[in-house]
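A short write-up of the structure that comes next.
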There are 2 protein chains.
Amino acid sequence: MGKAKKRWTLEEEAALSAGVYKYGTGKWKDILNDHQFAHCLINRSNVDLKDKWRNLGCNASNSQSSSRRHTGSRYVFIVQMYFL
Amino acid sequence: MGKAKKRWTLEEEAALSAGVYKYGTGKWKDILNDHQFAHCLINRSNVDLKDKWRNLGCNASNSQSSSRRHTGSRYVFIVQMYFL
DNA sequence: CTCTAGGGTTAGGGTTTA
DNA sequence: TTAAACCCTAACCCTAGA
């Protein structure tokens with residue numbers, strides 16, 4: 001049972017963008033803890049910020065096909081011997 | 001920002017497991033300094049070893065003998081099969 | 001200073017749902 | 001169906017205390 005989806009508002013996106021400009025990407029918790037942005041992002045987690053930033057970045061050029069789990073019949077053995 | 005994640009290979013996991021078998025848990029630097037394992041773990045730090053051992057879930061199940069040190073002329077083969 | 005232990009955070013694959 | 005939103009968790013970070 002996942003949470004109800006809550007669409008990102010323009011204010012939230014703006015706060016996220018400004019936060020990334022200030023701290024750089026990968027500083028999601030820092031952005032959330034910044035009082036300059038916190039009030040706009042009160043309902044978002046650091047993981048939410050990361051996911052949203054990824055979605056924004058993928059808009060332009062994400063033409064990769066879906067990753068496919070393949071279980072083929074080819075395989076290789078690697079054998080190692082450790083003296084203990 | 002952020003360091004690129006380097007997924008652990010089966011060779012690295014095998015070296016770590018053998019290292020823990022030889023030295024016991026909590027001897028990450030000893031494992032790293034052991035010429036027997038160093039070549040497989042060249043890209044890993046002692047903290048990386050600790051973290052990997054933790055999320056392998058080996059701490060709980062092997063706690064009763066976790067600090068046991070094994071020495072002698074015994075050896076073990078580690079056989080890995082990769083599907084391509 | 002170095003090293004480990006353990007809590008905290010991020011990255012990226014995977015899944016769900018409007 | 002598609003993609004934004006959300007989930008799972010391995011991998012990595014921070015740092016007190018030994």
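A note on names: the letters A, B, ... follow the listed sequences, proteins ahead of strands, and every chain is numbered from 1.
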For this session: Could you tell me whether B/K27 atom NZ has more than 12 heavy atoms of other residues or ligands within 6.0 Å of it?
Result: no
- Counting only side-chain N and O atoms of B/N46, is one of them less than 4.0 Å from OP1 or OP2 of C/dT4?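 Yes, because at least one side-chain N or O of B/N46 sits under 4.0 Å from OP1 or OP2 of C/dT4.
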Inset, instruction - Please state whether the phosphate of C/dA11, meaning OP1 or OP2, lies under 4.0 angstrom from any side-chain nitrogen or oxygen of A/W28. - result: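 So the side-chain polar atoms of A/W28 do come within 4.0 Å of the phosphate oxygens OP1 or OP2 of C/dA11, strictly under.
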In the single-linkage hydrophobic clustering (I, L, V, M, F, W, Y; side-chain heavy atoms under 4.5 Å), do A/L56 and A/W28 co-cluster?
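Result: yes, single cluster for both.
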Between the main-chain N or O of B/S45 and the side-chain N or O of B/D48, is there a donor-acceptor pair closer than 3.5 Å?
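Present.
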From CG of B/N33 across to P of C/dT2 the rounded distance in Å is 14 Å
Here the distance between atom P of D/dA5 and atom CH2 of A/W53, to the nearest Å, is 14 Å
(message) Does any part of the side chain of A/K50, heavy atoms only, come nearer than 4.5 Å to the side chain of A/R54, both counted from C-beta?
(response)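 Answer yes - side chains close enough.
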Is there a side-chain contact between B/K52 and B/N55, using heavy atoms and a 4.5 Å cut-off? yes
- Query: What bend angle does the helix from C/dT2-D/dA18 to C/dA18-D/dT2 show across its length, from five-pair end axes and to the nearest 10 degrees?
  - Reply: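 Taking the rotation axis at each end, their angle is 10°.
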- Task: Indicate the ring-plane relationship of B/Y23 and B/F37, choosing parallel, tilted or perpendicular according to the 30° and 60° boundaries.
- Result: perpendicular
Residues 30-39 of chain A vs salt bridge (Lys or Arg N to Asp or Glu O under 4.0 Å), sequence neighbours excluded, gives A/K22-A/D34
With B for base contact, S for sugar-phosphate-only contact and - for none (protein heavy atoms under 4.0 Å), nucleotides 10-18 of chain D reads BBBB-----
Quiz item: With a cut-off of under 6.0 Å to the ring centre and 45° to the axis, is B/R44 in cation-pi contact with B/W8?
Solution: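 Satisfied, under 6.0 Å and within 45°.
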